[in-house]
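The structure appears right after this line, and notes come after that.
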Amino acid sequence: MGYAERSSIARNKAARRLFRLMEGKQTSLALAADLVSGREVAKIAGKIGNDICVLKTHCDAVSRFGQITGELKDLGKDLGFMILEDRKFADIGEISRRQLRFINSWADFVTAHAIAGKGTIEALGKNVVIVAEMTQSGSLTNAGYRKRAIQIGESLDSTGFVLNPANKTHVNQKFVVFSPGINFSSRGDSYGQTYVSPVTAIKNGTDVIIVGRGIYAAKNPAKKSKEYRKISWSALEKLRF
Ligand code: 6AU
């Protein structure tokens, strides 16, 4: 099923918008903009914004992030990408809801863990991507956890799920599958991050490939982002549509 069709069957508004955007722009690439300062995040977003469908941020890991939220929103509008704040909410619903207040004025959607149960996801509203599985070796997200996390997202019509691209996914086509842990030249890092290639990710059911260091730590991030974009989109066309 192509993304135009998936945008018509999805019940979640952010998922519909993202599927439409992916189809129109022909890209499944998300940048994990894990740079040190707000200035650097805004600069790379401006440079490669044309190639991505999602800009993924960690607002609490970037200095002076508060100063660039308006600029990122404008860039998203001009260049056509959505902003996913990877806050990974994990507290009880009431606290998660309060923490969200500082984020939902500029982010289109947020990530959350399912560890605290359905109440947390419910408190965050609809625009939530549930981290159902993690890419770091030794992660505690086993098959049972993943299944239950997916059930919560399905029951609440959340936007979608973060899943490990090394494993095959069987998620309803109404939901967006995001996968980090993608890099074509590295196998991992010193803390246990694991990587697969974009093609493996697409074969295993990923919709949006999230690439961080593979792009921003490259000599020429603009050129690298085009490579990731092209390889993943042609794999989608060849293998899935
Ligand atoms: O490509 P990297 O390794 O430089 O960056 C990967 C990005 C980081 C992580 O916070 C994030 O993806 N991530 C996540 C997400 C998106 O939730 C889950 C996970 O299991 N592994 C992972 O790396 O910004």
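Residue indices begin at 1 and follow the sequence shown. Values below: all heavy atoms of this structure, side chains included; hydrogens, waters and symmetry mates excluded. In this text the structure is predicted, and so the values were computed from the model without any measurement. When a ligand or atom number is given, it counts from 1 through the structure's own listing order.
Applying the 4.0 Å criterion to heavy atoms of Tyr195 picks out, from ligand 1, the atoms 1 (O), 2 (P), 3 (O), 4 (O). Listed by atom number, the atoms of ligand 1 under 4.0 Å from Met134 heavy atoms are 18 (C), 19 (C), 20 (O). Every atom of ligand 1 with a heavy atom of Asp34 under 4.0 Å away is listed here by number and element: 8 (C), 24 (O).
Applying the salt bridge (charged side-chain N to carboxylate O under 4.0 Å, His left out) test to pairs two or more places apart or on separate chains, those with a residue in residues 137-159 are Arg11-Asp157, Glu133-Arg146.
Below 3.5 Å of separation, one finds an N or O of Lys88 facing an N or O of ligand 1. In terms of N/O distances under 3.5 Å, ligand 1 is approached by Thr135.
Side-chain atoms of Gln136 and Ser139 form no donor-acceptor pair, as typed in the model, at a separation below 3.5 Å. Checked by atom type, the side-chain pair Asp207/Tyr3 shows a donor-acceptor distance below 3.5 Å.
The closest approach between a heavy atom of Phe178 and any atom of ligand 1 is not below 4.0 Å. Heavy atoms of Asp86 approach ligand 1 to within less than 4.0 angstrom.
The closest donor-acceptor contact from the side chain of Thr120 to the backbone of Asp91 lies under 3.5 Å.
A 4.5 Å side-chain heavy-atom check between Met1 and Ile9 finds at least one atom pair inside the cut-off.
Taking 4.0 Å as the cut-off between side-chain N and carboxylate O, Glu23 and Arg20 do not count as a salt-bridged pair.
Here Gln193 has side-chain heavy atoms under 4.0 Å from ligand 1, and that is the only part of it that gets that close. Residue Gln136 does not touch ligand 1, judged by heavy-atom distances below 4.0 Å.
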